[in-house]
Each structure stands twice: as structure tokens, then as C-alpha cells.
Amino acid sequence: MDQELKAVGIRPTRQRTALLDLLRRGGNRHMAAEQLYREAFEAGLRLSLATVYNALNLFAQAGLVRRVDVGERTWFCTNPHDHHHLYDEGASELTDLAAQELCLIGTPTLPDGAQLVRADIIVRFRRSKTRPDSF
Ligand SMILES: [Zn+2]
């Protein structure tokens with residue numbers, strides 16, 4: 001973890017190394033700062049929520065995780081591959097959507113000299129309510 005942090009220009013403090021280690025457990029995940037804070041607490045780390053949030057934003061700026069803002073909520077996605085997201089509005093759940101499942105036809109006209117970095121698409125859905133008397 002230390003090398004991974006150093007490679008992206010982040011000073012590897014004990015707290016940052018431990019948080020990155022926790023993030024990397026369990027494969028691709030979408031973590032809210034509060035969730036990582038709880039996992040850190042359960043692992044015996046005593047950090048403030050602000051410290052966790054600052055570390056996550058630092059990791060996102062360095063490209064170690066991707067920050068995904070949906071309305072008022074923020075997730076940090078650990079999937080390093082090119083992908084979009086599906087958002088279940090009822091469950092407030094974010095999941096990965098493989099890049100090839102969406103086809104972007106054309107790109108918008110960008111300002112002179114600008115280059116497209118990435119298109120982040122969030123597909124929102126709501127499950128229809130099932131009525132117990134419908135059958
Ligand atoms: Zn993701």
C-alpha cells in the first residue's frame with residue numbers, strides 16, 4: 001500500500017495506508033465515507049470521519065478511486081476499469097455498469113483546445129411497486 005500511495009504522490013501515513021488497505025478488501029465496491037469510517041472503527045482504527053473523508057478525496061484526486069456524486073450522496077468506487085453506474089433510487093444503491101453496455105453516439109463540442117477526459121454516465125432507475133393483490 002505504501003508503494004501504491006507513493007507512486008501517485010501521496011505521503012503514506014499509517015492512517016492512509018490502513019484506509020487504502022480496507023478499501024481494497026472485497027473486490028470492487030462503492031463506499032461512502034461513513035461506511036469506510038465504520039469499517040475502520042471495527043478494525044480498531046480510531047479516526048475522525050473528516051480524516052476518512054479527506055483521505056478518500058485525496059485518493060480520488062490521485063486516481064486510486066473514483067468519486068461518484070449522486071444528488072446529496074457521494075460514493076468512492078474502487079473499480080479501476082472503464083465503466084458507468086446504475087443507481088437504484090429506491091434502495092439508494094450504486095452498482096457498476098460495464099462500459100460496453102452503453103453506447104455514446106457522438107461527443108459534445110468542447111471548448112477550443114479542450115480534450116474529452118471521460119464520460120461518466122449514471123443510469124437511474126426505480127423499481128415498480130408490486131401489489132400483493134395483483135394476482
Ligand atoms: Zn463503480
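Note that ligands are numbered from 1 as they come in the structure, with each ligand's atoms numbered from 1 the same way. Everything numeric here is computed off the predicted structure, so don't read it as measured data.
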Undergrad: When you group the ILVMFWY residues by side-chain heavy-atom contacts below 4.5 Å and let the links chain together, are Leu47 and Phe59 in the same group?
TA: yes
Undergrad: Using the rule given for side-chain hydrogen bond (donor to acceptor under 3.5 Å, both in side chains), can you reason through His30 versus Asn79, listing the C-alpha separation, both sets of side-chain angles and the distance that settles it, and then say yes or no?
TA: CA-CA 8 Å; His30 300 96; Asn79 183 349; over 6 Å; no
Undergrad: Look at the aromatic rings of Tyr37 and Phe41 and report parallel, tilted or perpendicular, splitting at 30° and 60°.
TA: tilted
Undergrad: Does the Lys NZ or Arg CZ of Arg66 fall within the cation-pi geometry relative to Phe76 - under 6.0 Å from the ring centre and within 45° of the axis?
TA: no
Undergrad: Are Glu39 and Arg25 close enough for a salt bridge, meaning some N to O gap below 4.0 Å?
TA: no
Undergrad: Within a radius below 2.8 Å of the Zn ion (ligand 1), how many protein N, O or S atoms are present?
TA: 5
Undergrad: Transitively linked via ILVMFWY side-chain contacts under 4.5 Å: Val68 with Leu86?
TA: no
